[in-house]
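All figures in this text were calculated on a predicted structure; none of them were measured in a lab. We name chains A, B, ... by the order of the sequence lines, and we start the count at 1 in each one.
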Amino acid sequence: MKIPRVRFAPSPTGYLHVGGARTALFNWLFARRHGGVFILRIEDTDVERSSAEMVDGILDGMRWLGLTWDEGPLIGGPHAPYFQSERNDRYTAMANRLVAQEHAYYCYCSPADLKTRREAAEAAGGAFTYDRTCTKLTPSEIAERESRKEPRAIRFLVPAGAIRFNDLVHGPIEFDAANIEDFVILRSDGQPTYHLSVVSDDVEMGMTHVVRGDDHISNTPKQVLLYQAVGAPVPDFAHVPLILGPDKKRLSKRHGATSVMEYARLGVLPEAMVNFLALLGWSPGSGDRELFSQQELAEAFDLSGISGGNAVFNPDKLEWFNQQHLMRLAPEELITRLQPLLEEAGLWSSTLTTERRAWFFTVLELLKPRAKRLSDFVTLGRFLFDDALEFDEAAVDKHLRTGDAAQHLAALDAQLQTVDTFDPASLEVVLRAVAESRGVKAGTLIHAVRVAVTGKAVSPGIFEVLSLLGRTRARARIIHAISLATDAHGGQTTGR
RNA sequence: GUCCCCAUCGUCCAGAGGCCUAGGACGCCGGCCUUUCACGCCGGUAACGAGGGUUCGAAUCCCUCUGGGGACGCCA
């Protein structure tokens, strides 16, 4: 196989959504797998709807996912520029060449008129196809209109016959040109349309494969025609099925989060998103493995593993992948990812990464199996980072303001004051001894202590928690809880 | 309406004629572990859309139907 050159060519009319992200990922994986080149090209020929912010948003999404491009915005490359809005002269040149070779012609029909006719046809239940009015113009009529500078578009003259191309995921696909109208390639304002700019760029940039969404299948015959008209080799196509919402409709905003950066904000790891997206519509074939790093995916990826049918986006599975990747993240790395979140929550201090490093690592290990998202470390670990506890009233009523909880805690506190080492094992011995001496089940005391030191009914193992808190903080909380327990009417239960 | 794509558990995939009394994962339901919640472990639930062919033999090949999706713009 020749060295593949592939591209992801988003239109900056919105943020990078999961569908686009997966297409980008497949292109990236394909390039990396075969030692090819991955190009990022911005298709901003729709001036009305494109914006610089959207370009930045897409670049952010690409970077977050780790989809580095070899040629494209910011870094340039041998085929610069990589913004279609800056390649206009090439498109006009190609359009003019096509007119000169009679592969295309001027069309003076007004868009407004075309629109009404199209709507009328639709109302009548059919589809409107351009009737080639302007192909009937004589050379002198054209010359006259041109001299008057009448606005006109350029249409491609679709030749009759079958148009065939081989799709790497769908196999051979054939269209009858009779069903394809003479499409506009250059708008009356001189701007190229999608078909023209895509083919022009893909030819000039030497694309060998076009990996894109399924929704482009019906565009492909038009583009094949364009390749043939300019005498360029037709690349191999691979049309990737779409991502659907739970209702089997094309995934859109009304299904919830669709922007990849939205998932980033929700505490999803890019490695989880990549893993999830890669396996949505693609499979490495035999083998039951599902957990892959980006590198491993790049080694296993193959276009032939892409399935032909659309796939439903399953948030539950994404969350599972996230949890799995979270658990596999090295402590150092986890800290880096967590820092912004902890800072935002006002829970970060530089001591976390210096003298209390070991302490922090242990905390993270304890929280890991319980966290499904990055943000869970903040909520789950808050009681360890911050002494201002928020008490769960129901838990307080159930475990603290009940029986002799206060006395039990007081007895425990007395022992905690004197216990030699504050490690989990010693603490367990102490607590069980106190429970026995007071004639209660260990569980009873444990539950009371948990609420006392965490404010909640659920937490990681209580002995680890106590140990991590340390003697001073643990005892202070228990003492406060005792007063809480004696206060029959609840009253102020927040803070310390 | 026309054209195109697709069709295995609720969902994502495996399966490229006999290995399939259809496998894995998520979810769900049990159980174990346990101080709670998770993690982990064990087990269970659940599918080849229908009908015709081809073949000794079909989830796998062909046809029809049905169903779902996409495209029909001077949007990309």
Mind checking [X] for me? I need base, sugar-phosphate or nothing, with any heavy atom below 4.0 Å counting as a touch.
X      : answer
A:T13  : nothing
A:H239 : nothing
A:K249 : sugar-phosphate
A:Q191 : nothing

Check the orientation of A:F165 and A:F175. Use parallel for under 30°, tilted for 30 to 60°, and perpendicular for over 60°.
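Ring orientation, 0 to 90° scale: parallel.
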
Out of B:G70, B:A76, B:G40, whichever nucleotide has its closest atom nearest the side chain of A:L242
B:G70

Which nucleotide, if any, forms a Watson-Crick or G-U wobble pair with [N], using both distances under 3.5 Å?
N     : value
B:C20 : none
B:A25 : B:U11
B:U55 : none

In 5'-to-3' order, the base (B), backbone-only (S) or no-contact (-) status of each nucleotide in nucleotides 6-23 of chain B, using a 4.0 angstrom heavy-atom cut-off, is S----BBSS---------

Any N or O donor-acceptor pair under 3.5 Å from the base of B:C74 to the side chain of A:S188?
yes

Using only heavy-atom distances, decide whether a donor-acceptor pair under 3.5 angstrom links the side-chain of A:R370 to the base of B:C39.
no

